[in-house]
Each structure stands twice: as structure tokens, then as C-alpha cells.
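Reading through the C-alpha cells given below for one structure.
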Amino acid sequence: MTLLIHATLIDGTGRDPVPDSWLRIEDGHITSIGTGAAHRGDADVIDCAGRTVLPGLIDAHAHLGATDYLDRLTSGSRPEYAATVFAESSSTLRHGYTTIRDAGYTDAGFARAIANGMVAGPRLLVSNGPLSQTGGHSDLRRGHDRQPAVMFDGLVWTGVVADGVEQVRWAAREVLRAGAHQVKVMASGGCASHGDEVTDTQFTREELTAIVQEAGARGRHVLAHAYNPEAIANAVHAGVRSIEHGNLLDEESAALMAAQGTFLVPTIATFQLLSVDGREMGMSREQVDQIDTVLASAYTSLRIALDAGVRIGSGSDVLGRHQPRKALELELQARVTGTLEAIRSATSVNAEIVGRGHDLGAVRPGFVADLLIVDGDPAEDITVLQDPNAIHAVLQAGRITVERRPERTS
Ligand code: ZN
Ligand code: ZN
């Protein structure tokens, strides 16, 4: 049994922080919460000394396996690639993330290595290869390339390219067979791809519906990359759980999402970061121009979605050198939603998106004790969550797995 005392509690539900809180943890779960003096019994006591305790962060749209800009993923040394992904996974945990919904390219083997305790890292929920139509957002071939799209080299997935209802059924079954926790589809063009535009729709409604059916048959959900209103409507009608990015969303598509209970997962951080150094990372000028356009509209679409009553999750979508910048998303979303709502999106709402609303993402009795102990007050200054040195400790299922070392004195 563990007892945390003298904590300022942000419970992840949007409630105001509660000072001088305590919480009791047994068998990996939070069993009771209160304020003031706590009965210590034989518990191991952790004195938080006024620090903030909040649920471990959840990133609903990350690419842990995107150790580089996508075009360069399948080249280079495979052992070094694997080592980099494992290093990113432990770094992500040290940055306060205890759950990641991986939106593509990362193989389920990485998730198993973490889940089995071989490597430190967050609970990793992978999509394996994103499903894409020929010439779609994750068909990474250039126009001159006549080779079939590479799918999986044993370590990193590219897109699984499929066309027509029969082929997409096969593709969904294939990524699920290989251990995907959810299925990722590309329902519109994107910024980082070569042969398409963000205004394109990709896959037909029939294809998307077949993919949702295949995932549903195994109790899994589908997340859809989609920018424009037509693509969003296609994916929502097909029954996907979340729209990723959604930067060109309008009032009509927002109303449709609200009516169907479809979540929006904005990913503003990656646009902000690529706008600054996308060129250096290998993107063309046209791609970076595209990024700048959708960065500006990201804030507008988030406001429209919020006003329409769409439930807002949180994703970073960071690639390569931006992997340590996941928590920037909370700061950027907070500009529109406010701080406590941005934290709620990255904890309890994201838990609902990954199908764990009943036991993850909030500090509540019966919930898994995935917790952060943070120096400073994220409700006042959300940027503290971007500083790993402000993360005093990370608990996974009640066990301290990251603890800041006392500063050396010399
Ligand atoms: Zn995307
Ligand atoms: Zn992505």
C-alpha cells in the first residue's frame, strides 16, 4: 500500500486543483482520495510537499517509431533504428506520458517489449501500418517509383496500400493479425505526402465502412486522418471513433461529429514545430507552405469544434527530433480551451478515446494509478509539463518508474 500526501490534486476531469490532498494506492489502483490528515497505517508514505499530482499524460496521436522524417524511415541501419525507438520510449515516459496511442508506423513488437517490462516506456497502443489508398497519404512512393509500396520490413511499417472493399478488408485484417490495438486510416490527403493535397478525399465511404466493420468485429476502433469537411463526413458516417487533425473542419462537419459522438484529436504541435524546421528535416518548400496554412486554421477549427460540442482529445503527431516536444500540444490547445480543459483532453478524454474511460486518465477510486508528481502548478503555467526536470516522479500502476535524482552538489 502506498499513500501520497500533501499533494495539490488535478484529477483530469477539468475540476479545479484541490490543495492538501492525499490518495491511497493498493494493487496498482487508486482506492481512496481525501484532503487534510490521512490515516497512514502501514503504508509507504510519499510526501509530495505541495507538488501537483495529476494523471499520467496520454498522447492520442504519436508516432514513436517515426525516429526521422517519414521519407527516411525505411533507410539506414535497422539495429540503430530499434535502439532509437526504445530510447524514445523511455524518454517519452520521463516526459510524463504513461499511455501513447500510436497513429502508425510503429510495430506491435515494440509495444510487447514495453508491456513485458523489457524496456521502460508508456503503455503503447499501436496501429502498425496506416491503411492508405494507392496514391494516398501513406503511399510513400514518389511519382517516378514503379515498385510496389513497401509494407513491413520486420521493424517499421509503411502504409498498407489497398483499394476497394475486398482489399481494405484484407488490409485491416492484416494489421490486426499483426497485433494492432486500433486501425489507422488515411481518409484525406496530407501535408507530408508527395502526390496529394489536404483538400483531397481518400477512400470511399464504402471502403471506410468496411474497415470500421473489421475493427469492430475484434472490439477495436478506427482513427481517421482527415483535414477537409468531405473527408471528415465520410469517416464520421463510416463510424470512426476519432478524426485526427481536422484542420479544415467547418460548422457542418463539426455538428455531424457532435451528433455522432466522434472525437476530434487536434495535433497543433507538429504543425508549429515543422513550420519552424520542416525544411531542415527534409520537407520541400511546398510542404512547409502547406503546413503554415493548416497551422493557422488549426486554431479556428478547434474553436468551431468546441462551440459545436465536439469532444476534444489531444495529440502531438511529432516526428523525429520533435519527439521530446509532445507536451507542447497542451500549451497550444490551452490557447483556445484554457489550461484545465487542455489537461482534461490529454488525460480523461484521451482515455475514453483509447477505450479506457472506465479506469484510466483520471484520479478516481478504482482507476489505475498512472500518476505524475510535478514541481510547480500546471493549472497556472501549463508549460511546466514540457520540462522533464519539473517531473518529480512518474508512477505506473502505483509503482515509481521515473524518479528525479537529487541534484548533485559539488
Ligand atoms: Zn495524419
Ligand atoms: Zn500522424
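What you see is a predicted model; the values in this text were computed from it and never measured. Read the numbers this way: they start at 1 and go in the same order the structure lists the ligands and their atoms.
Looking at Arg94, its side chain never comes within 3.5 Å of a backbone N or O of Pro388 through a donor-acceptor pair.
Using cut-offs of 30° and 60° on the angle between ring planes, the pair Tyr227 and His245 is parallel.
Here the Zn ion (ligand 2) has protein N, O or S atoms under 2.8 Å from it, and they come to 3.
In terms of the salt bridge (Lys or Arg N to Asp or Glu O under 4.0 Å) criterion, residue partners of Arg218 (sequence neighbours excluded) are, by chain and number, Glu214.
Ring centers of Phe152 and Trp157: under 6.0 Å apart, within the cut-off.
Within a 6.0 Å sphere centred on CG of Asn116, heavy atoms belonging to other residues, nucleotides or ligands number more than 12.
At a threshold of 4.0 Å, the pair Arg321-Asp277 counts as salt-bridged, since one of the basic side-chain nitrogens sits closer than that to a carboxylate oxygen.
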